[in-house]
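Structure first, commentary second.
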Amino acid sequence: MKEIKISGQMRSDLGKKASKELRKNGMIPCNIYGEKKGENGLPVAMSFAVPFSELRKVVYTPHIYVINIEIDGKIYNSVLKELQFHPVTDALLHVDFYEVNEAKPITVGIPVRLEGLAKGVKAGGQMNLALRKIKVTAPFQIIPEHLTIDVTALGIGQSMKIGSLNFEGLQLAMPKETVVCSIKSTRSASADDTEEEEGEAAEGAEAPAEEAK
């Protein structure tokens with residue numbers, strides 16, 4: 001995975017009013033969750049704030065990053081956990097991060113990249129990408145930037161499912177029956193099939209005449 005660095009500052013006032021004031025000043029409230037757990041057994045969040053200009057680099061991008069967050073001189077290796085946007089304006093309101101280390105596997109969605117010209121597309125079918133990211137579990141240092149899937153052999157009416165995929169060192173963290181992509185028939189493909197059937201029928205009709213000669 002690619003790495004990127006951002007800088008933040010610790011928060012002491014955690015109320016809604018303080019969060020609103022932060023956003024007015026171009027800062028976004030954030031939490032990072034690590035190994036530390038509270039009395040209830042749930043992970044304890046460390047609260048901090050990051051300039052929106054810094055977060056743009058990791059939020060509005062198709063890439064998956066290990067995010068090195070510097071807070072008060074200390075570096076926290078993390079990945080994005082959850083983003084919260086305003087329901088009307090779509091403005092970024094809050095970001096949660098998950099602290100990672102080399103020993104503990106993480107689960108994260110990796111972008112899918114289809115490779116090859118599918119047999120069904122050659123025949124006039126239409127490729128449908130149903131899943132843009134596949135969740136995998138692995139140590140963060142071996143997680144790739146994208147998952148390449150060869151679709152060359154995929155025909156019309158066929159689909160590629162999670163259960164048929166395998167990537168070295170990665171555990172696929174999704175149901176096996178989940179469809180990644182499929183090829184749908186189109187009018188042109190149906191017309192080609194009809195013409196082919198009619199051609200075969202015509203050849204069959206001519207055969208007795210040739211035998212009669």
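Being a predicted model, the structure only gives us computed values, none of them experimental.
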To the closest 0.5 Å, what do you measure between [atom1] ([X]) and [atom2] ([Y])?
X      : Y      : atom1 : atom2 : value
Arg113 : Glu115 : CZ    : CD    : 9.0 Å
Leu131 : Ile149 : CG    : CD1   : 8.0 Å
Lys184 : Gln158 : NZ    : CD    : 15.5 Å
Ile71  : Ile6   : CD1   : CD1   : 8.0 Å
Arg56  : Ile28  : CZ    : CD1   : 11.0 Å

Looking only at heavy atoms, what is the nearest atom pair of [X] and [Y], with distance?
X      : Y      : value
Val151 : Cys181 : CG1-SG, 4.0 Å
Cys30  : Leu55  : SG-CD1, 4.2 Å
Ile69  : Ser78  : CD1-OG, 3.3 Å
Ala118 : Met127 : CB-CE, 3.9 Å

Does a side chain donor of either Arg11 or Ser19 reach within less than 3.5 Å of an acceptor in the other side chain?
yes
Please determine, by modelled atom types, if Asn77 and Glu99 share a side-chain donor-acceptor pair under 3.5 angstrom.
no
Would you say the side chain of [Y] lies within less than 4.5 Å of the side chain of [X], judging by non-hydrogen atoms?
X      : Y      : value
Val136 : Leu147 : yes
Val100 : Ile106 : yes
Ile134 : Ile162 : yes
Val59  : Leu83  : yes

Tell me if the CD atom of Gln126 is crowded by more than 12 foreign heavy atoms within 6.0 Å.
no
For Lys57, is the NZ atom crowded, meaning more than 12 foreign heavy atoms sit under 6.0 Å from it?
yes
Which residues pass the side-chain hydrogen bond (donor to acceptor under 3.5 Å, both in side chains) test with Glu168, not counting sequence neighbours?
none
For Arg23, side-chain hydrogen bond (donor to acceptor under 3.5 Å, both in side chains) partners two or more places apart
none
Asp72 vs Gln9, side-chain hydrogen bond (donor to acceptor under 3.5 Å, both in side chains): CA-CA, chis, key distance, verdict:
CA-CA 6 Å; Asp72 295 343; Gln9 60 187 50; over 6 Å; no
